[in-house]
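Note sheet for the following structure.
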There are 2 protein chains.
Amino acid sequence: MTRENDAANALDFEPVLNYRVSEAIYEQIRNKIINGELKPNDRLPSERKLIEIFRRSRPTIREALRMLESAGLIEIIPGSGGAVVQEISAATVTQPLGNMILLKRIRLLELYEFRIINETAYVQWTAERRTEGDIKKMQNILKQMHTLKGDWETLLRYDSEFHKTIAECSRNEMAKIIYNVITKPVRDIMYAKMGELTLKQQEFHKNQLMADHDCILDAIINQDVDKVKELMIDHLNHFKHLIEDE
Amino acid sequence: MTRENDAANALDFEPVLNYRVSEAIYEQIRNKIINGELKPNDRLPSERKLIEIFRRSRPTIREALRMLESAGLIEIIPGSGGAVVQEISAATVTQPLGNMILLKRIRLLELYEFRIINETAYVQWTAERRTEGDIKKMQNILKQMHTLKGDWETLLRYDSEFHKTIAECSRNEMAKIIYNVITKPVRDIMYAKMGELTLKQQEFHKNQLMADHDCILDAIINQDVDKVKELMIDHLNHFKHLIEDE
DNA sequence: GTTATTAAAAATGTAAAACAAAAAAATGTA
DNA sequence: TACATTTTTTTGTTTTACATTTTTAATAAC
């Protein structure tokens with residue numbers, strides 16, 4: 001830190017940005033969405049009306065709309081007037097995260113390491129806070145899994161649903177968000193790797209998966225926080241090797 | 001799942017998208033960046049040249065560029081010809097994730113709970129992986145903090161820098177991202193709350209803050225993983241009440 | 001009167017031409 | 001060579017126009 005920087009920080013100066021009109025328009029609309037003035041399914045004024053409102057040309061307006069769309073904040077349907085404010089989804093985060101993985105800025109092992117400590121926490125919270133309804137929901141998923149003869153794809157879908165339910169039952173909104181964000185890239189790789197294994201190996205993993213889940217749910221029901229933590233760590237470590245050296 | 005859906009899935013149909021020319025151009029350029037054909041600091045052709053290459057009008061080209069920019073893949077500097085491919089950074093994930101947190105209106109206590117389990121993990125990783133350089137960096141921050149007489153604002157800035165350094169030294173890219181996303185909303189509230197306290201209370205918290213940090217750094221240096229975990233949990237719990245009932 | 005068809009209106013998608021502003025490159029001068 | 005000025009290039013913005021698609025309204029048929 002230089003002295004100049006300290007002085008600037010103290011005075012709370014900020015670099016002058018937003019010199020582009022389209023960015024300024026983007027900012028204004030974005031803020032109204034962020035602070036709730038514009039809610040999901042609300043319609044923005046049509047392009048022509050936005051021209052009148054902002055007193056700017058149509059290409060400029062359209063560039064702003066393109067940015068909003070790219071950020072996942074609106075969806076534009078031609079013909080039917082006005083862009084529609086979107087319910088923000090995990091995809092808006094999953095996509096750039098996927099980019100980072102593809103460009104090797106994040107190693108999958110780091111992501112998995114991160115997943116382990118997070119899901120361990122979620123399952124602990126769930127063990128503490130689970131309701132009768134939660135238990136029924138999780139039991140149902142496992143029951144369906146057991147009656148399943150099927151392929152890996154469907155099995156992994158149920159596996160994902162089980163973990164997702166745990167995240168939801170943790171009653172922590174951040175847990176849900178992060179779960180959704182992390183899951184996709186990790187699961188994409190795991191599914192691919194699973195296909196490369198022999199049938200015997202696949203069978204082994206399948207049995208392990210279901211046994212692990214059963215134990216975890218038992219511990220959740222018994223609210224055995226320490227045990228559920230250990231079980232989840234073991235469970236995730238069982239499948240860690242599938243994404244190693246990637 | 002209906003039978004129709006299953007049939008569609010089996011045939012691997014996908015909805016027809018990309019009807020917009022600007023999106024198709026965006027996709028083409030994005031793919032060249034993702035697969036490495038275009039590397040960071042490479043320059044895209046100028047808008048005029050892109051018009052010739054894609055044989056499309058300028059507004060269409062510009063909308064594609066605006067999308068690429070919005071995704072954090074390029075930066076456009078006026079005058080100096082051509083958009084520059086960006087080194088993809090955590091910011092591309094931080095921004096939409098930040099949007100999500102703001103839009104989901106997550107309760108601060110949930111966010112803080114999430115912060116505790118995450119930062120506890122980060123500090124454990126850091127204790128395991130810290131280098132001599134890491135230690136020096138953290139010692140430096142604490143030294144500056146001790147010589148500081150100042151106000152809460154500067155103190156909290158150093159506090160933030162200490163925690164941020166821990167996240168960075170954890171050598172997990174997700175840790176950095178999540179730290180950056182969580183920090184700001186939590187810290188904004190804490191700073192406001194701190195101002196409402198009496199001078200005596202402020203002094204007490206100030207001393208606690210610095211004592212905690214010293215202990216944590218000691219444990220990091222000694223690579224005492226269990227202890228550092230306890231210390232971080234205690235440290236964050238000391239300040240938890242500042243955001244309660246918010 | 002109700003329904004189906006058709007035409008009009010409105011909205012987004014795209015194109016072309018023009019000018020402003022700012023940065024880089026080229027030029028000329030000392 | 002070093003500097004200042006001019007020219008060129010590039011992005012930012014505006015205006016006008018037309019194509020395409022969807023919605024709405026009007027019209028015709030039953």
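The structure presented is a predicted model; accordingly, all values stated were derived computationally and were not measured. A, B, ... follow the sequence lines: proteins, then strands. Residue 1 opens every chain.
By the neighbour-count criterion of 12 heavy atoms within 6.0 Å, atom CD of A:Gln95 is sparsely surrounded, having that number or fewer from other residues, nucleotides or ligands. The number of heavy-atom neighbours closer than 6.0 Å to CG of A:Asn41, taken from other residues, nucleotides and ligands shown, is 12 or below.
Within the structure, every side-chain polar atom (N or O) of A:Arg20 is placed at least 4.0 Å from both OP1 and OP2 of D:dT13. Contact check, B:Arg55 against C:dA16: no side-chain N or O comes under 4.0 Å of OP1 or OP2. When the side-chain nitrogen and oxygen atoms of B:Lys49 are compared with OP1 and OP2 of D:dT9, none of them lie within a distance under 4.0 Å. One finds a side-chain N or O of B:Thr60 lying less than 4.0 angstrom from the OP1 or OP2 phosphate oxygen of C:dA15.
Atom pair A:Arg62:CZ and D:dT13:P shows a separation of 16 Å (rounding to whole Å applied). When the C1' atom of C:dA15 is taken as reference, atom CD of B:Glu52 falls 16 Å away, rounded to whole Å. We find that CD of A:Glu63 is positioned 12 Å from C1' of D:dT14, with the value rounded to whole Å. If you measure from atom CD of A:Glu75 to atom P of C:dG13, you get 11 Å, rounded to the nearest angstrom. In this structure, the CD1 atom of B:Ile76 is 15 Å from the P atom of C:dA23, given to the nearest Å. Residue A:Ile51 contributes atom CD1, which lies 13 Å from atom P of C:dG13 at whole-angstrom precision. Residue B:Glu47 contributes atom CD, which lies 15 Å from atom P of C:dA15 at whole-angstrom precision. Look at CZ on A:Phe54: it is 13 Å from P on D:dT14, rounded to the nearest Å.
A salt bridge between B:Glu63 and A:Arg66 is present, with a side-chain N of the basic residue lying under 4.0 Å from a carboxylate O of the acidic one. Ion pair A:Glu153/A:Arg187 not flagged as a salt bridge, since none of the NZ, NE, NH1 or NH2 atoms sits closer than 4.0 Å to an Asp/Glu carboxylate oxygen. Between A:Arg171 and A:Asp134 there is a salt bridge, since at least one side-chain N of the basic residue sits less than 4.0 Å from a carboxylate O of the acidic one. Using a 4.0 Å cut-off between a side-chain N of Lys or Arg and a carboxylate O of Asp or Glu, B:Glu69 and A:Arg20 qualify as a salt bridge. Using a cutoff of 4.0 Å between basic side-chain nitrogens and carboxylate oxygens, A:Arg107 and B:Glu173 are not scored as salt-bridged.
Interatomic distance, B:Thr92 OG1 to A:Arg105 CZ, rounded to the nearest 0.5 Å: 9.0 Å.
Not a single ring pair (Phe, Tyr, Trp, His ring centres under 6.0 Å) links A:Tyr179 to another residue, sequence neighbours left out.
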Please list, pair by pair, any protein nitrogen or oxygen found under 3.5 Å from a nitrogen or oxygen in nucleotides 15-17 of chain D.
residue	atom	partner	partner atom	Å
D:dA17	N6	A:Arg58	NH1	3.4

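Taken together, the paired segments of DNA chain C that extend over three or more consecutive Watson-Crick or G-U pairs, each closer than 3.5 Å at both contacts, are C:1-30 with D:1-30.
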